[in-house]
A.B. asks: 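Just passing along the structure, written as structure tokens.
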Protein chains: 2
Amino acid sequence: MGVTKTELFTDEQTRLADLAKAFAHPARVAILQMLAQKKACVCGDLVDELPLAQATVSQHLKELKRIGIIRGDIDPPRVCYCINEPVWNEARHAFGDLLDSLISTSCC
Amino acid sequence: MGVTKTELFTDEQTRLADLAKAFAHPARVAILQMLAQKKACVCGDLVDELPLAQATVSQHLKELKRIGIIRGDIDPPRVCYCINEPVWNEARHAFGDLLDSLISTSCC
DNA sequence: CTTATTTATCGTATTATTGCGATCAATTTT
DNA sequence: AAAATTGATCGCAATAATACGATAAATAAG
């Protein structure tokens with residue numbers, strides 16, 4: 001399908017799934033790693049570091065912006081990308097809360 | 001495309017992306033939440049709790065098993081699912097390391 | 001042995017994602 | 001003004017993911 005029935009889940013579940021998508025592709029992981037460590041900021045630098053075409057990198061950046069985890073500040077003709085800290089922290093807490101919630105269990 | 005060029009990224013980046021996929025769908029988030037919060041394993045209860053067909057739930061479980069984050073212990077004719085703690089902790093550390101690595105930055 | 005129960009898998013349809021060349025838009029440089 | 005630079009967007013192609021009905025497989029129950 002591809003028809004994700006988001007309306008059938010809680011907002012929290014849907015949001016966490018969306019945040020996870022930011023990390024669900026190696027190229028986006030690489031971008032987020034670079035931005036978190038301030039190795040790059042300008043779009044062109046990201047393109048140089050990644051083994052992907054400029055159009056493809058731009059699409060990944062667009063997706064990360066949609067999720068909100070990065071910002072893009074225009075500094076013509078460049079665009080400077082950086083981590084959007086509030087959303088970064090939202091992800092940190094959302095993943096942390098779930099991953100720390102495991103009730104240790106030797107199952108079955 | 002859909003052709004993810006995994007060979008062009010580091011193993012670490014590819015693995016984190018794969019772990020993120022476990023959380024990148026609301027249904028899988030719901031499954032993981034249920035398993036993490038139960039001391040006992042859950043079997044067919046998952047299908048009852050989710051607004052999805054049995055075949056669809058089974059596919060999500062298969063994907064989670066592929067990633068390794070859950071185990072399925074056969075107890076015929078049932079299968080008892082639970083969190084696979086080593087991989088769960090791998091995810092906890094992988095996300096934690098990255099999300100805690102942010103060099104606070106008002107960029108640009 | 002037959003039937004019921006439970007889960008996996010197959011086949012299929014549909015939508016989403018990924019990728020890139022080409023082009024556009026905005027701005028800077030010459 | 002013309003050319004160069006930078007990044008976004010369009011259009012297309014191909015693969016991946018999502019969903020479900022139908023069916024298979026395995027075992028328990030009768």
A.B. asks: Would you mind telling me which of dA8(D), dA17(D), dT7(C) lies closest to the side-chain atoms of Ser58(A)?
C.D. replies: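 Among the listed nucleotides, the one closest to the side chain of Ser58(A) is dA8(D).
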A.B. asks: In whole Å, I'd like the distance from the CZ atom of Arg66(A) to the P atom of dA16(C).
C.D. replies: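 These atoms are roughly 11 Å apart.
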A.B. asks: Measure the distance from CZ on Arg28(A) to C1' on dA16(C) and round it to the nearest whole Å.
C.D. replies: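 Rounded to whole Å, this separation is 11 Å.
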A.B. asks: Minimum heavy-atom separation for Ser101(B) to Gln37(A), with atom names?
C.D. replies: OG-NE2, 4.4 Å
A.B. asks: Return no unless some side-chain N or O of His25(A) is found under 4.0 Å from OP1 or OP2 of dA16(D).
C.D. replies: no
A.B. asks: If you only use heavy atoms from C-beta on, which nucleotide in dT7(C), dG7(D), dG19(C) is closest to the side chain of Val79(B)?
C.D. replies: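 Comparing dT7(C), dG7(D), dG19(C) against the side chain of Val79(B), the answer is dT7(C).
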A.B. asks: From the set dA19(D), dG19(C), dT9(C), return the single nucleotide nearest to any side-chain atom of Gln59(B).
C.D. replies: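 Ranking dA19(D), dG19(C), dT9(C) by closest atom to the Gln59(B) side chain puts dA19(D) first.
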A.B. asks: May I ask you to decide if Gly68(B)'s main-chain N or O and Asn84(B)'s side chain share a donor-acceptor pair within less than 3.5 Å?
C.D. replies: yes
A.B. asks: Provide the closest heavy-atom pair for Ala91(A) versus Ile69(A) in the form atom of the first, atom of the second, distance.
C.D. replies: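 The pair with the smallest heavy-atom distance is CB-CD1, 4.5 Å.
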A.B. asks: How long is the line joining CG of Leu61(B) and C1' of dA8(C), in whole Å?
C.D. replies: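 After rounding, the reported distance stands at 11 Å.
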A.B. asks: Got a list of side-chain donor-acceptor pairs under 3.5 Å for residues 43-62 of chain B, not counting sequence neighbours?
C.D. replies:
unit_1: His60(B); atom_1: ND1; unit_2: Arg28(B); atom_2: NH1; d: 3.1

A.B. asks: Between dA19(D), dG19(C), dG7(D), which one does the side chain of His60(A) approach most closely?
C.D. replies: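 Closest nucleotide among those given: dG19(C).
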A.B. asks: What is the distance from NZ of Lys21(A) to P of dT15(C), rounded to the nearest Å?
C.D. replies: 16 Å
A.B. asks: Looking across every strand, which nucleic acid part, if any, lies under 4.0 Å from Glu63(B) by heavy atom: base, sugar-phosphate, or nothing?
C.D. replies: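 The answer is nothing, as Glu63(B) stays clear of every strand by at least 4.0 Å.
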A.B. asks: What does nucleotides 21-30 of chain C look like as a protein-contact string, B for base, S for sugar-phosphate only, - for none, at under 4.0 angstrom between heavy atoms?
C.D. replies: BB----SS--
A.B. asks: In whole Å, I'd like the distance from the CD1 atom of Ile74(A) to the C1' atom of dT6(D).
C.D. replies: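 Taking CD1 of Ile74(A) and C1' of dT6(D), I get 12 Å after rounding.
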A.B. asks: Between Arg78(B) and dT7(C), is there a contact of a side-chain N or O with OP1 or OP2 at under 4.0 Å?
C.D. replies: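 Result: no.
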A.B. asks: Counting just side-chain N and O atoms, does Lys65(B) come under 4.0 Å of either OP1 or OP2 of dA8(C)?
C.D. replies: yes
A.B. asks: Testing the basics here: between Leu99(B) and Trp88(A), what is the closest heavy-atom pair and its distance to 0.1 Å?
C.D. replies: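 Looks like O-NE1, 2.8 Å.
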A.B. asks: Nearest whole angstrom, please: distance from the P of dG19(C) to the NZ of Lys62(A).
C.D. replies: 16 Å
A.B. asks: Any idea which heavy atoms bring Ile67(A) and Asp18(A) closest together, and the distance?
C.D. replies: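 Between these two residues, the closest heavy atoms are CD1-O, 3.5 Å.
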A.B. asks: Please pick, from dG19(C), dT9(C), dT17(C), the nucleotide with the shortest atom-to-atom distance to any side-chain atom of Leu52(A).
C.D. replies: dG19(C)
A.B. asks: Would you mind reading off the distance between Phe9(A) atom CZ and dA19(D) atom C1', rounded to a whole angstrom?
C.D. replies: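 Going from Phe9(A) (CZ) to dA19(D) (C1'), I get 11 Å.
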A.B. asks: Quick one: closest heavy-atom pair of Thr14(B) and Phe9(B), and the distance?
C.D. replies: OG1-CB, 4.1 Å
